[in-house]
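Numbered from 1 within each chain, the chains take letters A, B, ... in sequence-line order.
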2 protein chains.
Amino acid sequence: MSNDNKKISLAVVRRLPRYYRYLYDLLQSGVTRISSRELSEKMGVTASQIRQDLNCFGGFGQQGYGYNVQNLFNEISKILGTDHRFNVIIIGLGNMGHALANYENFKKRGFDIIGIFDIKPELIGTTVNNIKVMHMDELDEFVKNNRVDIGILSVPYGQTPAIADRLGRLGVKGLWNFSPMDLKLPYDIEIENVHLSDSLMVLGYKIDSKMKK
Amino acid sequence: MSNDNKKISLAVVRRLPRYYRYLYDLLQSGVTRISSRELSEKMGVTASQIRQDLNCFGGFGQQGYGYNVQNLFNEISKILGTDHRFNVIIIGLGNMGHALANYENFKKRGFDIIGIFDIKPELIGTTVNNIKVMHMDELDEFVKNNRVDIGILSVPYGQTPAIADRLGRLGVKGLWNFSPMDLKLPYDIEIENVHLSDSLMVLGYKIDSKMKK
DNA sequence: ACTAGTATGTGAAAATTATAACATACTGAA
DNA sequence: TTCAGTATGTTATAATTTTCACATACTAGT
């Protein structure tokens, strides 16, 4: 049963989408079976780690055979929630909000953007990628009338905490935060930060530290 | 001396930008000194971890006093390379490329976007955020004539590997990859992946797994 | 059916990472 | 100048994460 109450570590969870991607590619290539060793060579990790990771959720393989690609992909999809849809709204239709609204990959992975909110009058009533742009004043009403699972925060830095708090109070289940700050909210809400600049700085560090060697 | 040859773990490195942010905010607030305990409360980590992390790079604090905020910020900046500039080019002026070209935070953190490349004729010769848009045919020439430290890859999925390879061959030092794939290159180049969809899927997982409890 | 080969699931070991504990050294008030 | 308080740097311990190793069980060719 996949409903074991042993806690899955975040390290494992963060690797799951990577398995998802590789298995998807294998499926596309028509590969029907794969061993942990073969997959480990493709992914550049140890076979042992793959077996350990998968076993957190169940025994999906078979001794002497390996893993059925389609089956394993289905299982990983289920674990990641791709067997159902998430309703998502975007708050802030700036450059980043616009980019996210047009990113087709989200839909493929189970996330439907059902609304966009901003305050600029000239945007209200328009559509982006077939998604209606509404005024922030309509936010509360919209969230009350629609199941909104996730709010994407792509608003200016200064406005982020207040809007995050507002979404938390409205009962949205998760926030995907693009502002370079760590949100701390007094609500029962999951937060995933993107922190693009942080990632770029890490790249800068890697480059510099290699130079020094 | 900061040139110790003991290896700094990636776990520590990934926390550095976070320290950078908090120290920057403290500076803005006029705070001149802070102890690891105070900082730990703000950041939601243990004071011990902060002291351990900082000590990888040197003893920046003073017993009985704590850390001088300005000094510590300067040191972290130096470690992260903000004491010099990185030259960056964007490959692919789609929605994401456009958003990144307009993101002002990068400049603040030491990254200058010095060129944008695409293949769409109507874009070539225009400027975005005062950055010239050039044709991909001009890429090799440009990289040879300018120091390019980092290439941002915001091109369609299928084109990513070939362009990454091209930048690797041209001697670019780092790639910041926005395509949902892991790049593996036979060159001496640092790669930092963003993998937005992966991050969103992790958020989805967190939401689901909380529901089940 | 038999058997050599293969590959999982898992318990144990190793490595890494985080936390705790504390000796040392500075601060700042009297 | 003294001394109680504070907070670092660092060593030791704990926790977590990764890797190893192997018994078990299936595959597939003869």
Side-chain angles (χ1 to χ4, degrees), chain A residues 1-2 4-19 22-23 26 31-76 79 202 205, chain B residues 1-2 4-19 22-23 26 31-76 79 202 205:
Chain A
M1 200 141 324
S2 73
D4 290 338
N5 54 358
K6 62 165 181 269
K7 175 103 177 307
I8 311 293
S9 85
L10 193 57
V12 173
V13 173
R14 291 208 178 280
R15 282 194 290 267
L16 293 177
R18 192 146 183 268
Y19 293 125
Y22 276 83
L23 290 166
L26 286 169
V31 179
T32 56
R33 67 181 263 194
I34 194 158
S35 68
S36 59
R37 187 185 49 75
E38 288 173 292
L39 189 55
S40 78
E41 282 161 13
K42 279 191 190 297
M43 296 183 68
V45 298
T46 64
S48 195
Q49 182 167 75
I50 292 174
R51 293 203 299 278
Q52 285 272 21
D53 283 355
L54 297 179
N55 255 90
C56 293
F57 302 96
F60 305 134
Q62 196 158 50
Q63 283 156 323
Y65 176 87
Y67 300 89
N68 177 283
V69 174
Q70 179 71 64
N71 175 250
L72 187 53
F73 178 75
N74 292 347
E75 292 290 350
I76 300 272
I79 292 162
V202 169
Y205 175 89
Chain B
M1 198 145 323
S2 73
D4 288 340
N5 55 359
K6 64 167 178 270
K7 175 101 176 308
I8 311 292
S9 85
L10 193 58
V12 173
V13 173
R14 291 209 178 280
R15 282 194 291 266
L16 292 177
R18 189 143 185 270
Y19 293 126
Y22 276 83
L23 290 166
L26 286 169
V31 179
T32 57
R33 65 180 264 193
I34 194 157
S35 68
S36 59
R37 187 186 48 76
E38 287 173 292
L39 189 55
S40 77
E41 282 162 10
K42 279 191 188 296
M43 295 183 68
V45 298
T46 64
S48 196
Q49 180 168 75
I50 292 174
R51 293 203 299 278
Q52 285 269 26
D53 283 354
L54 297 179
N55 256 88
C56 294
F57 302 96
F60 304 133
Q62 196 159 50
Q63 283 157 324
Y65 176 88
Y67 300 88
N68 176 284
V69 175
Q70 179 71 65
N71 174 250
L72 186 53
F73 178 75
N74 292 348
E75 292 291 350
I76 300 271
I79 293 162
V202 170
Y205 175 89

Could you tell me the separation between the [atom1] atom of [X] and the [atom2] atom of [N], rounded to a whole number of Å?
X      : N       : atom1 : atom2 : answer
Q49(B) : dA20(C) : CD    : P     : 11 Å
L10(A) : dA18(C) : CG    : P     : 12 Å
K7(B)  : dT16(C) : NZ    : P     : 9 Å
L54(A) : dT10(C) : CG    : C1'   : 14 Å
N68(A) : dT6(C)  : CG    : P     : 20 Å

Quick one: how far along DNA chain D does chain B reach, first to last nucleotide 5' to 3', anything under 4.0 Å to a heavy atom?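 Going 5' to 3' along DNA chain D, contacts run dT6(D) to dA12(D).
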Any side-chain heavy atom of [X] within less than 4.5 Å of one from [Y]?
X       : Y      : value
V202(B) : R14(A) : yes
Y19(B)  : I50(B) : yes
L26(B)  : F73(B) : no
I76(A)  : L54(A) : yes
I8(B)   : F57(B) : yes
Y67(A)  : Q62(A) : no
R15(B)  : D53(B) : yes
T32(B)  : V69(B) : no

With DNA chain D as reference, determine whether V12(A) or R51(A) sits nearer its 5' end, using the nearest nucleotide of each.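 With V12(A) and R51(A) compared, the 5'-side residue is V12(A).
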Output one line per pair: protein atom, nucleotide atom from nucleotides 27-30 of chain C, and distance, for all N/O pairs under 3.5 Å.
from: dG28(C); atom 1: OP1; to: R33(B); atom 2: NH1; distance (Å): 3.0

If only side-chain N and O atoms count, and only distance matters, is there a donor-acceptor pair under 3.5 Å linking Q70(B) with N74(B)?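 Side chains of N74(B) and Q70(B): pair found under 3.5 Å.
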Regarding E38(A) and S35(A), is there a side-chain donor-to-acceptor distance under 3.5 Å anywhere?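 Note: E38(A) and S35(A) side chains meet the donor-acceptor criterion.
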For nucleotides 11-14 of chain C, tabulate all protein N/O to nucleotide N/O atom pairs closer than 3.5 Å, reporting atom names and distance.
from: dG11(C); atom 1: O6; to: Q52(A); atom 2: NE2; distance (Å): 3.0

E41(A) bridged to R37(A) by N-O distance under 4.0 Å: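 Yes, charged N to carboxylate O under 4.0 Å.
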